[in-house]
There are 2 protein chains.
Amino acid sequence: MTVVWQCQEVNQTAAPAGAARQGSLRELNLALVLGRIAAADRPPSRAALAAETGLTRATVSAVVEDLVAGRLVTEAAPTPRAGAGRPARGLVLAGDGPAGLGLEINVDYLAACVVDLAGEVRHHTVHRADLRPVAPADALGRLARLAAQARAHAEAQGLSLAGAALGVPGLVDDTGQVRLAPNLGWRDVPVPELLAGHPPLTETVDGVPALVVDNEANLAALGELHAGGGPGSFLHISGEVGIGAGIVLDGALFRGTRGWSGEIGHIPVRPDGPPCRCGGRGCLERYAGQEAILSAAGLVGAELPADTAPNRLAELAEAGEPAVLHALHEAGTAIGVTVASVVNLLDLDTVVLGGGYAPLIPWLRPPMLAEIERRVLTAAWSPVTVRPAALGATAAAVGAAGSVVRRIIARPAGWLTRF
Amino acid sequence: MTVVWQCQEVNQTAAPAGAARQGSLRELNLALVLGRIAAADRPPSRAALAAETGLTRATVSAVVEDLVAGRLVTEAAPTPRAGAGRPARGLVLAGDGPAGLGLEINVDYLAACVVDLAGEVRHHTVHRADLRPVAPADALGRLARLAAQARAHAEAQGLSLAGAALGVPGLVDDTGQVRLAPNLGWRDVPVPELLAGHPPLTETVDGVPALVVDNEANLAALGELHAGGGPGSFLHISGEVGIGAGIVLDGALFRGTRGWSGEIGHIPVRPDGPPCRCGGRGCLERYAGQEAILSAAGLVGAELPADTAPNRLAELAEAGEPAVLHALHEAGTAIGVTVASVVNLLDLDTVVLGGGYAPLIPWLRPPMLAEIERRVLTAAWSPVTVRPAALGATAAAVGAAGSVVRRIIARPAGWLTRF
DNA sequence: CGCTATTTGTTCAGTGGTTGAATTAAATGA
DNA sequence: TCATTTAATTCAACCACTGAACAAATAGCG
């Protein structure tokens with residue numbers, strides 16, 4: 001069985017692109033009701049859903065019946081209510097329905113996780129290893145084993161995997177091929193082909209799960225969107241070995257024409273600055289990339305593993321080490337200049353710092369804000385918030401798994417037709 | 001009668017945000033069919049529409065009947081077809097139905113135009129005057145007179161104005177207030193209030209036309225989208241006295257959280273460069289704004305009107321004037337650095353130069369492309385195209401009018417309920 | 001304890017809108 | 001002239017939502 005390829009684009013709207021046929025109405029309302037159930041903080045009743053969506057209670061009942069039959073929703077203890085009346089039956093996302101498999105390949109670890117419809121992380125494994133010397137096929141083989149374990153754990157909990165998403169620190173084209181992953185040393189790696197021999201990733205209990213390959217920073221941003229409260233617009237910057245960014249606009253990831261958006265690490269900060277291996281000069285990565293910070297802090301020979309470097313820097317900064325403080329100030333300034341560009345261009349009001357930047361926020365934020373306030377034209381009316389990411393280092397894996405379940409929630413009809 | 005305020009956001013999709021009720025189906029299909037008629041290059045028949053949309057011919061007939069009754073579509077000579085068979089009846093956008101009124105206030109002119117459903121400019125006036133010394137209320141009064149003339153011309157041609165949009169060179173908030181228009185010297189100007197006393201802008205033949213106030217660069221980008229071929233994604237840079245940009249993603253204008261996107265003029269090019277009046281340093285406007293180019297070319301005392309300066313620069317460049325060539329090279333380099341940032345961030349493949357930049361393209365493009373190729377990570381796989389805008393100096397007015405008719409095409413149900 | 005008020009959820013006839021097949025309309029070509 | 005072909009309309013069937021009536025389940029009150 002071959003990998004069935006699925007378009008990267010997560011169609012956030014349930015609206016039919018083409019003809020609106022009769023069933024479209026039901027598709028739309030399935031998505032509407034399921035979306036409200038997912039967004040509610042307490043199990044809503046059918047009557048409450050009818051009131052807030054504007055549908056009739058009759059319609060909501062019919063829609064909910066479909067959702068329950070498709071194992072997307074189950075009944076639970078309702079929100080207690082004062083006064084008389086027949087007690088409501090609360091509706092919650094099913095904890096034993098479809099789930100998403102999230103995978104991540106990074107420079108120094110592999111990760112797999114399973115997220116259920118409600119967004120709970122039901123399984124999570126990280127396998128630490130330096131993957132730079134490992135051949136892509138080999139690395140993907142290890143990943144497939146991790147995925148097989150994850151599937152076993154999911155099934156043991158009564159979950160069926162509805163799909164998988166894989167985050168890679170590089171540029172992915174729309175056929176799933178990794179065109180360039182500089183920090184891994186990958187170039188033109190046909191991920192779907194290489195995974196085709198590993199059944200756990202190519203089939204699930206009922207049918208065929210699609211595998212989506214995407215940029216790691218994009219998926220991390222989705223994870224943040226998922227974990228960090230309501231839908232909004234923000235820029236999520238992950239400071240790993242490289243610097244990537246995910247742009248979330250109105251609760252949807254913005255991927256660009258070819259899915260290569262967010263390459264913030266190579267935005268020029270000083271056009272005549274030091275040369276970067278991308279061919280340009282003075283790119284952000286030269287000022288705020290992990291290597292740049294470490295070398296500016298005089299820690300270049302310290303031989304720190306990539307995953308502990310940020311914490312080490314935070315310790316030294318805490319201790320008042322002048323070189324480290326200076327390096328972080330410079331990095332924060334460079335990030336601030338870049339963010340000012342982004343905000344002037346896109347009019348965003350929130351910047352989330354994730355990955356290795358999270359522990360360094362106390363030192364990065366002040367110079368960032370200073371630059372932003374100076375340079376953003378609209379800063380006076382709408383201050384820009386800089387906050388740490390809600391998820392930790394493996395945000396991309398969680399975001400990947402979340403993207404699978406979010407797609408089901410956004411377009412439940414696709415899942416329901418499997419029954 | 002007061003100005004009825006309408007949300008700036010042009011909802012590109014006809015999908016209902018809330019409940020999908022029965023009528024939603026028809027709304028969706030009205031939009032679908034009308035959209036195809038608008039996008040077709042030759043009058044399609046009902047049968048052809050059925051084939052390409054996937055709807056039944058019966059449904060298409062019913063939908064078309066509604067559209068014809070609402071004066072959005074008329075029958076025309078069909079596309080000739082070889083062979084036997086009953087001849088088709090071609091469908092085209094009505095030339096005598098609703099039309100859009102586009103208005104523009106800029107530093108040295110006022111403009112008004114009327115665009116019909118098919119996108120034809122049916123009326124166009126430009127009133128040249130330096131508006132910097134004029135009070136906002138007075139300027140808007142003159143604009144209202146221009147609008148009244150435009151309405152008279154539209155009605156004489158059998159058109160009904162369905163709405164109006166006004167482009168302003170500054171930041172507009174979501175109540176229509178101009179928060180800041182630096183080059184006009186406006187600050188916190190309540191445009192809708194000031195226009196409320198001018199009936200031509202507050203009522204039309206059948207009901208109330210909404211007035212939308214938007215950034216001039218945004219509307220110019222919409223005009224370009226409208227005139228420049230199929231829907232795509234591009235960055236439209238207008239070099240007027242300031243530098244503004246409109247971002248079009250997948251055929252839709254991207255406005256940002258508050259509608260203040262595209263402030264490209266204040267993206268830092270050299271963070272330690274000369275101070276800018278925005279409070280930052282080394283902004284793009286300091287290198288590629290009209291004043292910056294003129295002064296770098298040694299023409300600072302030449303007292304050129306803003307509208308003739310670009311052509312004068314082109315003449316001098318054509319003649320090989322070294323200072324001018326140098327100034328344009330510097331400007332092109334700065335624009336290129338900025339565009340590289342934008343492309344790295346958004347993954348766009350097309351940059352359109354409009355406004356005063358259009359005549360200077362031969363000199364601006366080479367340095368731009370050089371910077372883009374050096375600095376854009378994905379330039380090797382997807383070259384970035386730099387091309388001149390299809391519309392001239394008053395693109396914003398045409399784009400404003402076009403945005404009105406495009407909204408009708410995107411959501412015809414709203415118009416049809418007027419009958 | 002029983003009755004009423006109240007709210008939830010379901011049932012059912014009615015309706016809008018799409019579907020698919022049959023029918024009518026209008027041309028070409030032998 | 002007539003068969004062929006394609007376009008457009010008509011009509012019964014069907015799907016999904018609507019609105020009202022009804023059944024279910026509880027709290028409050030005498």
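Naming: A, B, ... by sequence-line order, numbering from 1 per chain. Because the structure is a prediction, the values reported are computed rather than measured.
- Applying the salt bridge (Lys or Arg N to Asp or Glu O under 4.0 Å) criterion to A:R86, with sequence neighbours excluded, gives no partner residue.
- Among residues two or more places apart in sequence or in another chain, the salt bridge (Lys or Arg N to Asp or Glu O under 4.0 Å) test is passed with B:E120 by none.
- Atom CG in A:L49 sits roughly 12 Å away from atom P in C:dT10 (whole-Å rounding).
- The side chain of B:S45 places an N or O atom within less than 4.0 Å of a non-bridging phosphate oxygen (OP1 or OP2) of D:dA8.
- Between the P atom of D:dT9 and the CG atom of B:D66 lies a distance of 13 Å, rounded to the nearest Å.
- Atom CZ of B:R89 is separated from atom P of C:dT24 by 17 Å (rounded to the nearest Å).
- Every residue meeting the side chain to side chain contact (heavy atoms under 4.5 Å, CB included) condition with B:E75, not counting sequence neighbours, appears here in chain and number order: B:R46, B:R89, B:L91.
- When all heavy atoms of B:P43 and B:V92 are compared, the closest pair comes out as CG-CG1, 3.5 Å.
- If you take CZ of A:R57 and P of C:dT10, they are 10 Å apart, rounded to a whole angstrom.
- When rounded to the nearest whole Å, the span between CZ of A:R46 and C1' of D:dA25 equals 14 Å.
- Following rounding to the nearest Å, A:E65 (CD) and C:dT10 (C1') show an atom-to-atom distance of 10 Å.
- In this structure, CG of B:L91 is placed 12 Å from C1' of D:dA7, rounded to the nearest angstrom.
- For D:dT9, the OP1/OP2 oxygens have a side-chain nitrogen or oxygen of B:S61 closer than 4.0 Å.
- Residue-level contact check: A:A58 touches the bases, meaning some heavy atom is under 4.0 Å from a base atom.
- Remark: B:R26 pairs with B:D66 by the salt bridge (Lys or Arg N to Asp or Glu O under 4.0 Å) rule, at least two apart or across chains.
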Could you list all N or O pairs between the protein and nucleotides 27-30 of chain C that sit under 3.5 Å apart?
none

Hey, what are the protein-to-nucleotides 15-17 of chain D N/O distances that come in under 3.5 Å?
| unit_1 | atom_1 | unit_2 | atom_2 | d |
| --- | --- | --- | --- | --- |
| D:dC15 | O4' | A:Q22 | NE2 | 2.8 |
| D:dC17 | OP1 | A:N29 | ND2 | 2.8 |
| D:dC17 | OP2 | A:R26 | NE | 3.0 |
| D:dC17 | OP2 | A:R26 | NH2 | 2.6 |
| D:dC17 | O2 | B:Q22 | OE1 | 2.4 |

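- Legend: residues meeting side chain to side chain contact (heavy atoms under 4.5 Å, CB included) with B:L72, ordered by chain and number and at least two apart, are B:L34, B:L67, B:P98, B:L117, B:I408, B:P412, B:W415, B:L416.
- For the pair B:I409 and B:L93, the minimum side-chain heavy-atom distance is below 4.5 Å.
- Between B:E52 atom CD and D:dA7 atom P the separation is 13 Å, expressed in whole Å.
- B:A165 pairs by the side chain to side chain contact (heavy atoms under 4.5 Å, CB included) definition with B:V212, B:A400, B:S403, B:V404, not counting sequence neighbours.
- Residues meeting the salt bridge (Lys or Arg N to Asp or Glu O under 4.0 Å) test with A:E65, sequence neighbours left out: none.
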